[in-house]
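Here is the structure we will look at.
In this chain, residues are counted from 1 in sequence order.
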Amino acid sequence: MPFTARQLALATLDRQLLLARRRLDVAEAVRRVCALQAQTPASPYLALWNRLQDFAPEDLDAAFADRRIVKATLMRITLHAVHAEDYAPYHAAMLSTLRASRLYDRRFTSIELTPADADALLPKLAAFLARPRTGAEVEQEITRRFGEHAHRVWWALRTYAPIHHVPTGGPWSFTQPNAYLASPTAPGSAPQDAAAGVQRLLLAYLRAFGPASAQDFARFTLLGRPGITQALHELGDQVVRVTGPGRAALFDLAGATVPAEDTPTPPRLLPMWDSTLLAHAVPGRVLPQEYRPLVVRRNGDMLPCLLVDGQVAGVWRAADGGLELTTFRKLGKAAWQGLTEEAAKLSSLLADRDPVVYRRYGHWWDKGFPGVESTIVKG
């Protein structure tokens with residue numbers, strides 16, 4: 001029988017460790033879910049809090065510090081936290097996309113330098129970043145070769161060069177100014193490395209988000225369809241085709257299972273840009289289409305969401321010494337009890353780290369939400 005839309009949503013929640021918190025090492029958890037969106041420093045912490053039993057932020061601090069988990073620009077040309085052993089193949093898979101996003105952008109081409117000019121700097125950049133450096137330090141070094149164009153050259157290189165962000169302190173390990181360190185990955189990747197990287201990334205993606213279509217994987221990565229098609233072909237019987245509610249062909253790992261349709265789903269308070277909401281083609285699996293304009297703002301900001309019965313039902317923010325929960329529809333007593341219990345626990349965690357987390361995005365609430373119900377919960 002074809003999988004239902006409900007089963008596909010449950011599969012995503014199950015593989016993202018959102019049906020039940022697990023006892024896992026933080027690095028193993030990050031590997032299990034493929035990658036964690038990390039463009040805002042707090043988000044990987046809150047993502048793991050939603051997924052791990054007795055999550056201790058100090059464990060993630062330590063994993064970033066000793067580089068078992070690394071933060072770098074990867075899928076969707078966005079910062080992600082990934083297992084250190086996954087970085088090299090993921091970067092090889094994404095390199096062509098990352099490189100093209102900068103070297104063929106007008107902001108780079110307008111300075112009349114060639115892609116070869118930027119590529120030629122990669123070995124020297126790797127040597128310079130043998131120890132952590134700020135962006136300003138890197139620009140100063142690049143100025144010796146490219147003069148007034150150093151800012152644009154570094155803008156391109158920091159996106160596609162094999163470099164990591166390194167912890168600089170603060171409640172979530174990373175603060176401004178950013179610091180960078182060369183990855184152990186070689187400055188360039190051969191074509192066969194790219195193909196192997198796409199295959200490894202696709203397997204990790206299906207393990208974390210499957211069953212899924214080629215279009216879903218393209219949405220999660222921004223990789224082109226030819227490379228995805230080739231990867232599916234070369235993976236052979238490691239990947240099987242399954243049937244879903246729509247016309248798109250779905251793929252999954254051989255032997256993977258999908259939860260039954262009546263599987264219960266606990267409430268969750270997802271962080272900004274949680275990967276669960278970004279891993280499938282629009283409208284996605286857990287975000288109702290009618291709520292998408294409320295959750296995904298005009299500039300692409302994706303607000304922290306309330307998850308009820310496996311679907312986004314509202315948003316949350318830090319406010320008045322606690323968390324303000326706003327729903328887009330009326331909820332029953334049991335749903336509210338579950339949400340407030342989660343909110344009280346998260347509020348307590350934030351009190352020790354950053355009580356006004358995501359403060360810079362508060363202006364979206366100032367513009368108003370057509371919320372149906374709202375409450376403030378304190379830890």
Side-chain angles (χ1 to χ4, degrees), residues 15-18 20-75 78-91 126 129-135 137 158 162-185 200 204 207-208 268-276 304 318 342 345-359 379:
R15 298 181 194 194
Q16 282 294 298
L17 313 180
L18 290 169
R21 288 182 168 93
R22 311 287 180 84
R23 285 193 177 276
L24 291 171
D25 170 76
V26 291
E28 177 57 30
V30 170
R31 167 167 278 175
R32 187 82 65 90
V33 299
C34 183
L36 294 176
Q37 187 97 354
Q39 67 194 76
T40 293
S43 285
Y45 288 82
L46 303 194
L48 290 178
W49 174 82
N50 274 280
R51 291 162 165 86
L52 299 184
Q53 189 170 341
D54 300 323
F55 168 68
E58 296 78 12
D59 292 341
L60 185 52
D61 294 340
F64 278 129
D66 63 23
R67 302 182 74 187
R68 287 181 295 125
I69 298 173
V70 298
K71 179 176 175 177
T73 301
L74 289 166
M75 287 70 74
T78 301
L79 286 170
H80 282 81
V82 299
H83 193 289
E85 294 176 0
D86 290 330
Y87 172 75
Y90 290 3
H91 183 262
L129 292 178
R131 66 175 179 85
R133 311 269 193 169
T134 66
E137 290 175 315
R158 70 173 181 249
I163 57 178
H164 302 159
H165 289 231
V166 292
T168 52
W172 311 113
S173 288
F174 298 91
T175 58
Q176 296 292 336
N178 292 322
Y180 304 88
L181 188 67
S183 165
T185 306
R200 179 157 166 175
R207 189 178 302 113
R268 291 290 183 259
L269 275 66
L270 300 181
M272 292 192 75
W273 295 288
D274 192 272
S275 296
T276 305
E342 288 287 298
K345 295 173 186 176
L346 180 54
S347 182
S348 295
L349 181 144
L350 293 177
D352 293 334
R353 285 265 163 166
D354 182 10
V356 286
V357 67
Y358 300 137
R359 62 180 68 81

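Across R51, Q53, R32, a single residue satisfies side chain to side chain contact (heavy atoms under 4.5 Å, CB included) together with R22, and that is R32.
Within the 4.5 Å cutoff, no side-chain heavy atoms of Y45 are placed close to those of P171. Taking the side chain as every heavy atom from C-beta outward, L60 and P44 approach each other to under 4.5 Å. Between T40 and S43 the shortest side-chain heavy-atom distance falls below 4.5 Å. In this structure, the side chains of P57 and L349 come closer than 4.5 Å at one or more pairs of heavy atoms. Using a 4.5 Å heavy-atom threshold, the side chains of L181 and R67 count as touching. Contact annotation: the side chain of T73 never approaches that of I163 to less than 4.5 Å [non-hydrogen atoms, C-beta and beyond]. A heavy-atom distance below 4.5 Å is found between the side chains of N50 and L18. Between Y87 and P162 there is a side-chain heavy-atom pair separated by less than 4.5 Å.
K71 forms a cation-pi arrangement with F174, by the criterion of a distance under 6.0 Å to the ring centre and an angle within 45° of the ring axis. Cation-pi contact between R268 and W49: absent, since separation from the ring centre below 6.0 Å together with deviation from the ring axis within 45° is not met.
Put simply, CD on Q16 and CG on L270 are 9.5 Å apart, with the number rounded to the nearest 0.5 Å. To the nearest 0.5 Å, atom NE2 of residue H80 and atom CH2 of residue W273 are 11.5 Å apart.
Between the H164 side chain and the V166 main chain, no donor and acceptor come within less than 3.5 Å of each other. Under a 3.5 Å cut-off, the side chain of E137 and the backbone N or O of T134 do form a donor-acceptor pair. Looking only at distances, no side-chain donor or acceptor of Y180 sits under 3.5 Å from a matching main-chain atom of G135. Under the 3.5 Å distance criterion, the side-chain polar atoms of T168 are matched with a main-chain donor or acceptor of T175. Under the 3.5 Å distance criterion, the side-chain polar atoms of D61 are left unmatched by any main-chain donor or acceptor of W172. Formation of a donor-acceptor pair under 3.5 Å by the Q37 side chain with backbone atoms of L79 is not found in this model.
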Take L17 and V33 through the side chain to side chain contact (heavy atoms under 4.5 Å, CB included) test and state the conclusion after the steps.
CA-CA 8 Å; L17 313 180; V33 299; 4.0 Å; yes

Is there a side chain to side chain contact (heavy atoms under 4.5 Å, CB included) between H165 and N178 once you walk through the steps?
CA-CA 7 Å; H165 289 231; N178 292 322; 3.9 Å; yes

For a side chain to side chain contact (heavy atoms under 4.5 Å, CB included) check, start with the C-alpha distance between R200 and D86, then their side-chain angles and the critical distance, and finish with the verdict.
CA-CA 9 Å; R200 179 157 166 175; D86 290 330; 2.7 Å; yes

Let me see the working for L48 and V30 under side chain to side chain contact (heavy atoms under 4.5 Å, CB included), right down to the final yes or no.
CA-CA 8 Å; L48 290 178; V30 170; 4.3 Å; yes

Assess the residue pair R68 and D25 against the criterion (salt bridge (charged side-chain N to carboxylate O under 4.0 Å, His left out)); give the C-alpha distance rounded to whole Å, side-chain angles, the decisive distance to 0.1 Å, and a yes or no.
CA-CA 11 Å; R68 287 181 295 125; D25 170 76; 3.4 Å; yes

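Nearest heavy-atom pair across A81 and A38 is N-CB, 3.8 Å. Across C34 and A204, no two heavy atoms sit closer than the pair CB-O, 3.9 Å. Between V26 and D59, the shortest heavy-atom contact is CG2-O, 3.7 Å.
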